[in-house]
Undergrad: 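Got a structure here, written out as structure tokens. Questions coming.
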Amino acid sequence: QVQLVESGGGLVQAGGSLRLSCAASGRTFSSYTMGWFRQAPGKERVFVAAISGSGISTYYTDSVKGRFTISRDNAKNTVYLRMNSLKPEDTAVYYCAAQKVGYGSRAPAEFGSWGQGTQVTVSS
């Protein structure tokens, strides 16, 4: 298990940008697939993006492709989510998550460690 702490959320106008960060504890960070999920009020938590342990491979949900970029710095035990061209429908609490075994899943249940979440609000 790793402990995860997100930061970087806030209020932004539509079309604006934010960069979320997720700092992880532990010495085995590079062995984890890392993901970002989001949960809007009254809705289920859904997958946004994920990145392999090496950082070479990434995958995204269709609604953010071309606008969001996930990256990681294993030397800093940190994963990032750069969000450009933000839309009001991107408003949600964003969660960072870690998956010890496997790659390619979009299911929250496959990720064993979670941060506390950071609020992103996009105004129209």
Undergrad: Cut-off 3.5 Å, side chains only: do Gln13 and Ser123 have a donor facing an acceptor?
TA: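 Looking only at side-chain atoms, Ser123 and Gln13 do not form any donor-acceptor pair under 3.5 Å.
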
Undergrad: Please round to the nearest 0.5 Å and tell me the distance separating atom CD of Gln99 and atom OG of Ser31.
TA: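 Interatomic distance, Gln99 CD to Ser31 OG, rounded to 0.5 Å: 11.0 Å.
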
Undergrad: Side chain of Asn84, backbone of Gly16: donor and acceptor closer than 3.5 Å?
TA: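 Such a contact is absent between Asn84 side chain and Gly16 backbone.
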
Undergrad: Strictly by modelled atom types, are Asp73 and Thr78 linked by a side-chain donor-acceptor pair under 3.5 Å?
TA: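 There is no such pair between these side chains.
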
Undergrad: What distance do Lys87 atom NZ and Ser63 atom OG have between them, rounded to the nearest 0.5 Å?
TA: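 Answer for the NZ-OG pair, Lys87 versus Ser63, is 8.0 Å.
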
Undergrad: Using side chain to side chain donor-acceptor pair (under 3.5 Å) as the criterion, list what pairs up with Arg67, not counting sequence neighbours.
TA: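 With sequence neighbours excluded, Arg67 shows a side chain to side chain donor-acceptor pair (under 3.5 Å) to Asp90, given in chain and number order.
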
Undergrad: Under the criterion side chain to side chain contact (heavy atoms under 4.5 Å, CB included), I'd like the reasoning laid out for Val64 against Met83: C-alpha separation, chi angles, the key distance, then a yes or no.
TA: CA-CA 8 Å; Val64 308; Met83 305 185 294; over 6 Å; no

Undergrad: On a heavy-atom basis, which atom in Ala98 and which in Leu4 lie closest, and how many Å separate them?
TA: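 Minimum heavy-atom contact is N-CD1, 3.8 Å.
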
Undergrad: Would you name the heavy atoms of Val5 and Gln116 that are closest together and state the gap between them?
TA: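 Heavy-atom minimum between the residues: CA-OE1, 3.7 Å.
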
Undergrad: Among the clusters formed by ILVMFWY side chains lying less than 4.5 Å apart, do Leu86 and Phe47 turn up in the same one?
TA: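 They do not share one cluster, since no chain of ILVMFWY contacts under 4.5 Å joins Leu86 to Phe47.
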
Undergrad: If you look at every heavy atom in Cys96 and Val79, which pair is closest and at what distance?
TA: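 The pair with the smallest heavy-atom distance is SG-CG1, 3.8 Å.
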
Undergrad: For this output row, return yes or no: ring centroids of Phe37 and Trp114 closer than 6.0 angstrom.
TA: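 For Phe37 and Trp114, the ring centres are under 6.0 Å apart.
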
Undergrad: Do the non-hydrogen side-chain atoms of Tyr80 and Leu20 ever get within less than 4.5 Å of each other?
TA: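 They are not in contact (no side-chain heavy atoms under 4.5 Å apart), so the answer is no.
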
Undergrad: Given 3.5 Å as the limit, does a donor-acceptor pair link the side chain of Arg72 with the main chain of Ser52, or not?
TA: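 Confirmed, Arg72 side chain pairs with Ser52 backbone.
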
Undergrad: I'd like to know if the side chain of Ser25 pairs up with that of Gln3 as donor and acceptor (distance under 3.5 Å, no hydrogens or angles considered).
TA: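 Yes, side-chain donor-acceptor contact under 3.5 Å.
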
Undergrad: Could you state the interatomic distance from CG (Asn77) to CE (Met34), rounded to the nearest 0.5 Å?
TA: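 Result: 9.5 Å between the selected atoms.
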
Undergrad: Any side-chain donor paired with an acceptor under 3.5 Å for Arg38 and Tyr94?
TA: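 Yes, because at least one side-chain N or O of Arg38 sits under 3.5 Å from a partner of the opposite role on Tyr94.
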
Undergrad: How close do Phe68 and Val48 get, counting heavy atoms only, and between which atoms?
TA: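 Here Phe68 and Val48 meet closest at CD2-CG1, 3.8 Å.
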
Undergrad: Would you please name every residue forming a side chain to side chain contact (heavy atoms under 4.5 Å, CB included) with Thr91, sequence neighbours left out?
TA: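 Checked Thr91 against side chain to side chain contact (heavy atoms under 4.5 Å, CB included); matches are Gln119, Thr121, Val122.
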
Undergrad: Nearest heavy-atom pair of Gly102 and Thr33: which atoms, and what distance?
TA: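 Scanning both residues completely, I find the closest heavy atoms to be O-OG1, 3.0 Å.
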
Undergrad: Which pair of heavy atoms, one from Gly117 and one from Val93, lies closest together, and at what distance?
TA: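 Reported closest heavy-atom pair: CA-CG1, 3.8 Å.
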
Undergrad: With a 4.5 Å limit on heavy-atom distance, are the side chains of Trp36 and Ile70 in contact?
TA: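 Of all side-chain heavy-atom pairs linking Ile70 with Trp36, at least one is under 4.5 Å.
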
Undergrad: Within the distance-only criterion (no hydrogens, no angle test), does the side chain of Tyr59 pair as donor or acceptor with the backbone N or O of Tyr103 below 3.5 angstrom?
TA: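 It does not hold such a pair.
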
Undergrad: Roughly how far, to the nearest 0.5 Å, is OG of Ser105 from CZ of Phe111?
TA: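 Reported value, rounded in 0.5 Å steps: 5.5 Å.
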
Undergrad: Mind checking side chain to side chain contact (heavy atoms under 4.5 Å, CB included) for Thr69 and listing every partner two or more places apart, or none if nothing turns up?
TA: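 For Thr69 the side chain to side chain contact (heavy atoms under 4.5 Å, CB included) partners, ignoring immediate neighbours, are Tyr60, Arg82.
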
Undergrad: Looking at CG of Asn74 and OG1 of Thr28, how far apart are the two atoms once the value is rounded to the nearest 0.5 Å?
TA: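 Output value for this atom pair is 10.5 Å.
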
